[in-house]
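Computed from a predicted structure; not experimentally measured. Residue numbers run from 1 in the order of the sequence given. Every number for a ligand or one of its atoms is a count from 1 in the order of the listing.
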Amino acid sequence: MREFKVAILPGDGIGPEITKEAVKVLNAVSELFNVKFNFIEADIGGVAIDKYQEPLPEETRKVCLESDAVLLAAVGGPKWDSTKPGAKRPEDGLLELRKLLNTYANLRPVKVYEELIASSPLKPEVVSGTDLLIVRELTGGIYFGNKGREKDFAFDTNLYTVSEIERCVRLAFRLSKLRRRKVTLVDKANVLETSRLWREVFLDISKEFDDVETEILLVDNAAMQLIRRPSTFDVIVTENMFGDILSDEAATISGSIGLLASASIGESHPYLYEPIHGSAPDIAGKGLANPLAMILSSALMLRYSFNLFDAADAIENAVEKVIQNGYRTPDIATKADKAVVGTQEMSNLVIEFLYEDFKKN
Ligand code: IPM
Ligand code: MG
């Protein structure tokens with residue numbers, strides 16, 4: 001039997017409750033697909049600051065580096081919000097972890113479930129058919145450049161090397177070949193030097209992929225086109241901060257950010273998997289959180305880290321079935337929806353459909 005070591009980082013807010021549900025689903029997978037997962041839990045974010053005065057303690061680093069994949073829920077909350085220079089922030093733990101694992105590309109698929117179109121803030125005819133993938137550069141740019149604060153000024157530096165851009169853009173092109181063969185670069189080349197470098201590297205690499213259609217949009221225009229014509233995008237590749245902003249926008253188009261998963265890919269394992277949504281402290285501990293993004297993140301882990309393609313498909317199909325059958329957590333429920341369920345019920349349903357499908361095949 002194949003065995004995998006999975007680091008589990010529940011983090012803050014709704015993190016622990018959705019993590020529990022994802023682990024339940026993975027245990028069902030292990031029973032059905034004859035694999036074994038060894039879960040090792042560790043602290044990150046606000047809980048880690050409270051316990052160890054560090055958002056990414058040494059022990060957590062060790063657990064992650066020794067694992068085959070890392071599954072993380074969410075970090076942050078009002079308790080740790082501070083604008084004071086030097087204050088320890090839960091988010092720093094996440095950034096340090098991305099850097100530690102060198103997960104340079106964050107893949108954020110946004111697919112619209114036809115049954116959930118009513119939950120999208122956009123018109124059905126605009127969102128219908130949307131199926132895009134944001135490839136966000138994750139370990140460079142303004143997030144990690146030199147920064148500082150003096151009495152009356154502050155600065156952040158945006159810096160990219162050619163090789164950082166190349167590996168990310170090349171991955172975007174490769175991924176587009178498994179999809180609809182179109183890559184859109186988003187930059188701000190009319191203002192930023194870093195963007196002009198991104199554009200040059202993008203145009204160079206595009207020559208290696210002459211069967212892939214290319215498009216280049218300035219980020220302000222891209223923000224507009226995403227809500228005007230979301231279904232025309234296939235792969236979008238962009239720098240760290242633009243990717244952060246546009247992926248929340250794209251996620252909203254799908255009807256619920258509570259459904260979207262992400263995979264952060266590096267040059268070597270372990271990779272990092274996390275939902276796009278945050279720690280939602282306002283609903284934490286109430287059993288209302290949508291566990292689907294976390295469950296779908298674990299499906300991405302099975303696919304990209306363990307090559308368990310059938311198991312990943314099975315989870316994704318089960319989630320689709322649950323939605324097709326009308327079950328909704330409050331974040332994706334409209335007034336017309338009758339079967340509104342909580343966090344645990346939602347994952348139990350996913351597991352039920354998983355078993356049901358397995359019996360049929
Ligand atoms: C995300 C989040 C993080 C980011 C925060 C929590 C640091 O918004 O994963 O998109 O900005 O990368
Ligand atoms: Mg974000």
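Within the structure, ligand 1 has R136 among the residues with a heavy atom less than 4.0 angstrom away. Heavy atoms of M241 stay at 4.0 angstrom or farther from ligand 1. Under a 4.0 Å heavy-atom criterion, H277 is not in contact with ligand 1.
Within the 4.5 Å cutoff, side-chain heavy atoms of L133 are placed close to those of R179.
Ion pair K188/E239 not flagged as a salt bridge, since none of the NZ, NE, NH1 or NH2 atoms sits closer than 4.0 Å to an Asp/Glu carboxylate oxygen. In this structure, D210 does not pair ionically with K207, as no charged nitrogen and carboxylate oxygen lie closer than 4.0 Å.
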Please report the C-alpha distance between L9 and L97 in whole Å, then the side-chain angles of each, then the deciding distance to 0.1 Å, and finally whether the side chain to side chain contact (heavy atoms under 4.5 Å, CB included) criterion is met.
CA-CA 11 Å; L9 312 183; L97 180 62; 3.6 Å; yes
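Taking the ring axis of Y52 as reference, the NZ or CZ atom of R61 does not stay both within 45° of it and closer than 6.0 Å to the ring centre. Seen from the ring of F144, K99 counts as a face-on cation partner, given the 6.0 Å and 45° thresholds.
V191 and M224 fall into different hydrophobic clusters, where Ile, Leu, Val, Met, Phe, Trp and Tyr residues are linked whenever their side-chain heavy atoms come under 4.5 Å apart, directly or through other members.
Scanning all protein heavy atoms for the shortest distance to atom 9 (O) of ligand 1 gives R98 NH2, 2.7 Å. Among all protein heavy atoms, the one lying closest to atom 1 (C) of ligand 1 is R108 NH2, 3.4 Å. Counting protein heavy atoms only, atom 10 (O) of ligand 1 is closest to D244 OD1, 2.9 Å. Among protein heavy atoms, atom 11 (O) of ligand 1 sits closest to Y143 OH, 2.6 Å.
The two atoms that bring P230 and R228 nearest to each other are CD-C, 3.6 Å, heavy atoms only.
For ligand 1, the atoms lying closer than 4.0 Å to a non-hydrogen atom of E91 are 6 (C), 7 (C).
The count of protein N, O or S atoms under 2.8 Å from the Mg ion (ligand 2) stands at 1, with waters excluded from the count.
Between the side chain of D12 and the backbone N or O of V47 there is at least one donor-acceptor pair closer than 3.5 Å.
With rounding to the nearest 0.5 angstrom, the CD1 atom of I205 is 5.0 Å from the CD atom of E166.
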